[in-house]
Amino acid sequence: MNQLLGAMVRMKHYVIVVSLYSQMELTRVSHNTYSLSILIDCFCKLGQMGCGFSVLGKMMKLGVEPNSRIAEALSLFHKMLEEGIQPHLHVYNTILNGLCKTKKVDAAGRFLCMMEDRGFEPNIIAYTAVIDCFCKNLSLKEALSLFSKLKEKRIRPNTITYSCLIKASLGLDQQQVAERLLDEMEDNKILLDVVTYGILVDWIGKKGSLDEAKNIMDTMRKRGIEPSTAGFRGYIKPNIVVYGMIIDALCKLRRFSDALNIIQKMRNQGIEPNVVIYNSLMRIMFLINKDFIAE
DNA sequence: CTAGGGTTAG
């Protein structure tokens with residue numbers, strides 16, 4: 001769905017996109033960071049700043065920071081061990097997930113080994129979390145080596161495990177690795193799901209062969225899988241690009257103090273303006289100056 | 001609420 005909305009924005013059908021959103025609200029298709037960001041972009045380009053602000057406000061309300069104080073969680077965890085309390089497997093996995101999400105690659109790897117040493121045989125969820133972390137922050141090679149290790153232990157990788165590795169392979173243009181993984185899935189009767197298909201469609205789309213992308217979409221539909229925005233588990237909150245769109249629109253309307261206000265809001269969220277935002281601000285100052293000279 | 005994707009700004 002978001003791919004479709006993005007395409008319509010590129011074709012400048014802003015009004016249609018906005019009306020699609022009301023339809024999504026009515027049919028209760030869930031929104032996420034992506035869909036709301038695109039909506040804000042449309043309002044900015046239509047000059048409807050009031051509407052843009054109201055969506056931004058909605059995002060900020062929904063985007064309450066998770067308390068990801070992983071260090072505290074870790075020390076609490078070690079205290080449990082010292083006191084002889086055996087944490088359950090899902091406690092291990094929650095901590096491991098926190099380490100992976102905060103990109104603590106080494107710590108995540110060590111934590112996984114610690115689980116093995118303590119006789120807590122990590123399950124496929126634990127391995128998949130670390131494999132994904134390795135893919136994104138270390139190397140495909142390390143991720144693949146962990147992958148063979150879990151297969152040796154007779155732990156069965158699933159669709160999610162394969163999706164992580166396939167995405168990483170394609171990102172590095174290692175098409176033959178991705179093909180091998182896809183063959184392996186087929187041999188083991190592990191089905192592709194909406195996320196796996198999404199990864200393939202995205203990659204083929206970037207390669208430019210739209211026919212092949214269409215083929216994959218057809219296969220999906222034949223199997224009863226519809227593209228959707230569902231399944232999003234993260235927090236909805238504005239990022240620097242969203243703020244950038246709003247600030248640029250305000251600058252074009254010469255609403256300088258409003259733009260500065262937004263920057264203050266960003267800083268309150270711990271996001272510092274980048275070069276794109278400074279460029280927007282500099283242009284408006286240049287324009288104001290020109291008006292001043294003309295008068 | 002135990003693991004995976006995509007999107008928009010000068």
Could you give the distance separating [M] and [N] at their [atom1] atoms, to the nearest angstrom?
| N | M | atom1 | answer |
| --- | --- | --- | --- |
| dG4(B) | dT8(B) | C1' | 22 Å |
| dA3(B) | dT7(B) | C1' | 22 Å |
| dT2(B) | dG6(B) | C1' | 22 Å |

Open item on the list: Between T94(A) and N97(A), is there a side-chain donor-acceptor contact under 3.5 Å, judged purely by atom types and distance?
Closed with: no
Open item on the list: Side chains of Y162(A) and K167(A) only: does a donor on one sit below 3.5 Å from an acceptor on the other?
Closed with: no
May I ask you to verify whether the side chain of [X] and the base of [N] hold a donor-acceptor pair under 3.5 Å?
| X | N | value |
| --- | --- | --- |
| N274(A) | dA9(B) | yes |
| S280(A) | dG10(B) | no |
| N93(A) | dA3(B) | no |

TODO: Ignoring the backbone of I199(A), work out which of dT8(B), dG5(B), dA3(B) is nearest its side chain.
DONE: dG5(B)
Open item on the list: If you only use heavy atoms from C-beta on, which nucleotide in dA9(B), dG4(B), dG6(B) is closest to the side chain of D202(A)?
Closed with: dG6(B)
Answer with base, sugar-phosphate or nothing: what part of the nucleic acid does [X] contact at a heavy-atom distance below 4.0 Å?
| X | result |
| --- | --- |
| V275(A) | base |
| I246(A) | nothing |
| K136(A) | sugar-phosphate |

Open item on the list: Given 3.5 Å as the limit, does a donor-acceptor pair link the side chain of D132(A) with the main chain of T128(A), or not?
Closed with: no
Open item on the list: To the nearest 0.5 Å, what is the distance between SG on C164(A) and NZ on K136(A)?
Closed with: 6.5 Å
